Amino acid sequence: MKRAVAAILAILIFIVLGLAFAKIPFGNVNLEDYHYYNPIQDKQTSDSVPAHYLKEGKNETGSTNIVTAVVVDYRGFDTLGEVTVLFLASTGVGSVMYIFEKEKRRKVRRANAVVETASKLLFGFIILFGAYIFVHGHLTPGGGFPGGAVIASSFLLLYLAYPKFHAEHKSLNVAESLAGLTFVGVGLIGLLVASYFLYNFLPFGLPTYLFSAGVIPIIYVAVGVKVGSELTGIVDAMMGVRE
Amino acid sequence: MIPYYYIASIALIALGFYIVIAKKNLIKIIIGLDMMDTGVNLLLISIGYVKGGTAPIENGNYPIYVDPIPQALVLTAIVIGVSVMALALSIAIGLYKNTGTVEIDEIRRLRE
């Protein structure tokens, strides 16, 4: 009975959303064609927001990757809030697992020799790959969030291979706090140097070079370290106390 | 004619909705929520597509790029989705530790 109702509701949602989205054009949009009313200049402007980002993004932020320019520079404050949400989720997982923790230690068997040796070999390379992803966030696809997730996955590998492995809580906390302080500190320096928070105060340099785009690489390295330590903390809390 | 990217993403949303309503297992419900999340992300990304466009990374080789704004929004949405998933899964683990089951019906029966 409940299943039939659910199926009918799901089919209704499918039909309604399908009819709603049938009119939205797919692919044949010209980003230059949008016109919108600009209240400051009191006229219709022909420059839509994505067209402006694509045309001027490289000159205004120095970042080759326009998505990074949007995420870290134009919407940097939003990214600060996003990192805060991830931090809250990490502390929430920790506290929920602490509340439900029973004093029972879980028995965990040792993994076999192949897994242990391979994880010992791969651990450093996976961390290196994660660091590569977030250091090159302004040049190639990627950035702080995927890089941090890759770093956390290397720690997950160690947790799966070694039953007694535990990441140092103190060093995780230190890394996370330092990264968060770097993010906010860079923003506050921007506030002091110019008139607004997260102002890009460093010289842009040559585009497509590693040392370019001003504060964007600094912020993305901070985000990568922060996301990596937070996700490692989540993995650590979910693994629980093991023997 | 609806493009098949929209059909696929709307099908993901509808399937996730069905799973959330019909299933009794907490882990399956969380998987359904994740499927709805993925469907919404795919819908946003496919609305921002421009025919013949490449990823918005300006190295001077391509004239056309896709819309960068939905991609930036989806980057945020993925992180928020991961946070929600982690919290939901930790609560499910806690319920399993306390009650020994992840079936909603049995948890409700234990409470009475």
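Chain letters run A, B, ... following the sequence lines, proteins first and then strands; every chain starts at 1. Everything numeric in this text was worked out from a predicted model, so none of it was measured.
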Within a radius of less than 6.0 Å around [atom1] of [X], do more than 12 heavy atoms belonging to other residues, nucleotides or ligands occur?
| X | atom1 | value |
| --- | --- | --- |
| A:F129 | CZ | no |
| A:Y74 | OH | yes |
| A:F197 | CZ | yes |

Measure across [X] and [Y] and return the closest heavy-atom pair with its distance rounded to 0.1 Å.
| X | Y | result |
| --- | --- | --- |
| A:V67 | B:Q71 | CG2-OE1, 3.6 Å |
| A:G92 | B:L87 | C-CD2, 3.8 Å |
| B:L75 | A:Y220 | CD2-OH, 3.9 Å |
| A:M238 | B:A86 | CE-O, 3.3 Å |

- [ ] Compare all side-chain heavy atoms of B:V82 with those of A:F145 and state whether any distance is below 4.5 angstrom.
- [x]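 Counting from C-beta outward, B:V82 and A:F145 never come under 4.5 Å.
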Open item on the list: In the structure I gave you, are the side-chain heavy atoms of B:Y6 and A:L17 within less than 4.5 Å of one another anywhere?
Closed with: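 Counting from C-beta outward, B:Y6 and A:L17 never come under 4.5 Å.
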TODO: Heavy-atom distances under 4.5 Å only: say whether A:L139 touches chain B with side chain, backbone, both or neither.
DONE: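 Contact with chain B: backbone only.
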- [ ] Measure A:I234 against the heavy atoms of chain B and call it side chain, backbone, both or neither at under 4.5 Å.
- [x]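 Answer is side chain: those atoms of A:I234 sit under 4.5 Å from chain B.
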Roughly how far, to the nearest 0.5 Å, is the [atom2] atom of [Y] from the [atom1] atom of [X]?
| X | Y | atom1 | atom2 | answer |
| --- | --- | --- | --- | --- |
| B:D67 | A:I66 | CG | CD1 | 11.5 Å |
| A:I99 | B:S90 | CD1 | OG | 9.5 Å |
| A:M97 | B:L89 | CE | CG | 10.0 Å |
| B:L73 | A:R75 | CG | CZ | 5.0 Å |
| A:I11 | B:F17 | CD1 | CZ | 12.0 Å |
| B:I64 | A:L54 | CD1 | CG | 11.5 Å |

TODO: Look at B:L43, B:I13, B:L95 and state which one has the largest set of heavy-atom pairs under 4.5 Å with chain A.
DONE: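 Among the listed options, the one with the most contacts to chain A is B:L43.
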Task: Largest heavy-atom contact set with chain A, pairs under 4.5 Å, which of B:P56, B:A22, B:A72 - done: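 So the answer, after comparing B:P56, B:A22, B:A72, is B:P56.
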- [ ] With a 4.5 angstrom heavy-atom cut-off, could you sort out which part of B:I69 is near chain A: side chain, backbone, both or neither?
- [x]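 Contact with chain A: side chain only.
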Task: B:I93, part contacting chain A, at a heavy-atom distance under 4.5 Å - done: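 Side chain only.
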Taking [options] one by one, which has the highest count of heavy-atom pairs under 4.5 Å against chain B?
| options | answer |
| --- | --- |
| A:T140, A:V93, A:I13 | A:V93 |
| A:N65, A:V5, A:T64, A:L9 | A:T64 |
| A:T79, A:D78, A:L86, A:V83 | A:L86 |

